[in-house]
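The structure appears below as structure tokens.
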Amino acid sequence: MSGSSMVGDASTWSRALVKVSPYTFAAIGIAISIGVSVLGAAWGIYITGSSLIGAAIKAPRITSKNLISVIFCEAVAIYGVIVAIILQTKLESVPSSQIYAPESLRAGYAIFASGIIVGFANLVCGLCVGIIGSSCALSDAQNSSLFVKILVIEIFGSALGLFGVIVGIIMSAQATWPSEV
């Protein structure tokens, strides 16, 4: 195929993506924000919880104080819910004549990108907090003086989710829909 026939081809990805409603992209971004964040939290709780239960057999005293690791994992899901609510408030009604205007497309793509960033940042954050929480439970069962030291590392791991939330909020500020004409 020659390059000149590809320029005006009606089946290119760029032409297809421009024809998808910006509301669809926005809705997918909101769903990814909350869905993938909850997946990250669940994965972290699974990793932390299984190690906590196993280590509690050797040292039952660790059960209550190591629940903080599970709470850190739950915070990851809450980050996704908060951003999904913020992104949902960015949706505005647009006249059908302006639904494919560049400003509408930019707003839909901004909400989509914000949702993806927050969702996957929280997925990684949940996994990170889960692994560190697992290490915290296992090391606390062996030596109780290590609990606070590893807990500080776990706080740094949970900051990854906050960074994703901050970047998502900054990106969602670009979501301005065209005003009614």
Side-chain angles (χ1 to χ4, degrees), residues 9-49 68-134 136 151-181:
D9 191 8
S11 65
T12 61
W13 279 103
S14 62
R15 290 180 65 95
L17 290 177
V18 171
K19 296 299 179 186
V20 175
S21 170
Y23 287 111
T24 302
F25 278 107
I28 291 170
I30 292 168
I32 288 173
S33 171
I34 195 167
V36 178
S37 294
V38 169
L39 178 66
W43 200 352
I45 290 170
Y46 169 72
I47 293 170
T48 299
I68 189 109
S69 299
V70 174
I71 293 169
F72 279 143
C73 291
E74 289 174 2
V76 171
I78 293 170
Y79 296 158
V81 170
I82 290 170
V83 171
I85 291 170
I86 291 171
L87 294 178
Q88 193 273 333
T89 62
K90 296 285 185 179
L91 294 177
E92 296 176 9
S93 179
V94 175
S96 60
S97 62
Q98 292 186 339
I99 195 141
Y100 293 107
E103 197 173 4
S104 293
L105 292 172
R106 187 186 71 204
Y109 294 150
I111 293 173
F112 177 70
S114 178
I116 285 180
I117 287 172
V118 170
F120 284 101
N122 285 332
L123 176 70
V124 172
C125 177
L127 188 59
C128 177
V129 170
I131 291 170
I132 297 170
S134 170
C136 186
L151 190 64
V152 170
I153 296 170
E154 192 169 6
I155 292 169
F156 289 134
S158 69
L160 293 173
L162 285 175
F163 293 146
V165 168
I166 292 168
V167 170
I169 290 172
I170 291 170
M171 286 192 68
S172 70
Q174 300 296 318
T176 55
W177 300 87
S179 59
E180 303 247 353
V181 176

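Values below: all heavy atoms of this structure, side chains included; hydrogens, waters and symmetry mates excluded. Position 1 is the first residue of the sequence, and the numbers go up from there. No experiment lies behind these values; they were computed from the predicted model shown.
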Test side-chain hydrogen bond (donor to acceptor under 3.5 Å, both in side chains) on Glu154 and Ser69; report intermediate values, then the result.
CA-CA 8 Å; Glu154 192 169 6; Ser69 299; 3.0 Å; yes
Nearest heavy-atom approach of Gly168 to Val118 is CA-CG2, 3.7 Å
Exercise: identify the closest heavy-atom pair between Ile32 and Gly115:
CG2-O, 3.8 Å
CD1/Ile111 to OG1/Thr89 distance, rounded to the nearest 0.5 angstrom?
8.5 Å
Could you tell me which residues satisfy ring pair (Phe, Tyr, Trp, His ring centres under 6.0 Å) with Phe25, sequence neighbours excluded, listed by chain and number?
Tyr109, Phe112
Given 3.5 Å as the limit, does a donor-acceptor pair link the side chain of Ser104 with the main chain of Trp177, or not?
no
Could you walk me through whether Leu127 and Ile47 pass side chain to side chain contact (heavy atoms under 4.5 Å, CB included), step by step?
CA-CA 8 Å; Leu127 188 59; Ile47 293 170; 3.6 Å; yes
Separation of Thr48 OG1 from Ile71 CD1 (nearest 0.5 Å):
11.5 Å
Just verifying a value: how many Å separate Ile34 CD1 and Ile85 CD1, rounded to the nearest 0.5 Å?
7.5 Å
If you round to the nearest 0.5 Å, how far is CZ of Phe163 from OG of Ser158?
9.5 Å
Separation between OH (Tyr46) and OG (Ser134), nearest 0.5 Å, reads 11.0 Å
Ser37 side-chain N/O to Asn122 backbone N/O, donor-acceptor pair under 3.5 Å
no
Closest non-hydrogen atom pair between Ile86 and Ser172, with its separation:
CG2-OG, 4.4 Å
Closest approach of Leu105 and Tyr100, non-hydrogen atoms and distance?
CD1-O, 3.7 Å
Chi angles and distances behind the side chain to side chain contact (heavy atoms under 4.5 Å, CB included) call for Phe156, Ile132
CA-CA 10 Å; Phe156 289 134; Ile132 297 170; over 6 Å; no
Dump the intermediate steps for side chain to side chain contact (heavy atoms under 4.5 Å, CB included) on Phe72 and Leu151, then the final yes or no.
CA-CA 10 Å; Phe72 279 143; Leu151 190 64; 3.9 Å; yes
Can you spot which of Arg106, Lys90, Glu92 makes a side-chain hydrogen bond (donor to acceptor under 3.5 Å, both in side chains) with Thr176?
Arg106
Straight-line distance of Leu87 CG to Ile82 CD1, nearest 0.5 Å:
12.0 Å
Which atoms form the tightest heavy-atom contact between Gly157 and Val129, and what is the distance?
C-CG2, 3.9 Å
Gly164 to Ile117 - nearest heavy-atom pair and separation:
O-CG2, 4.1 Å
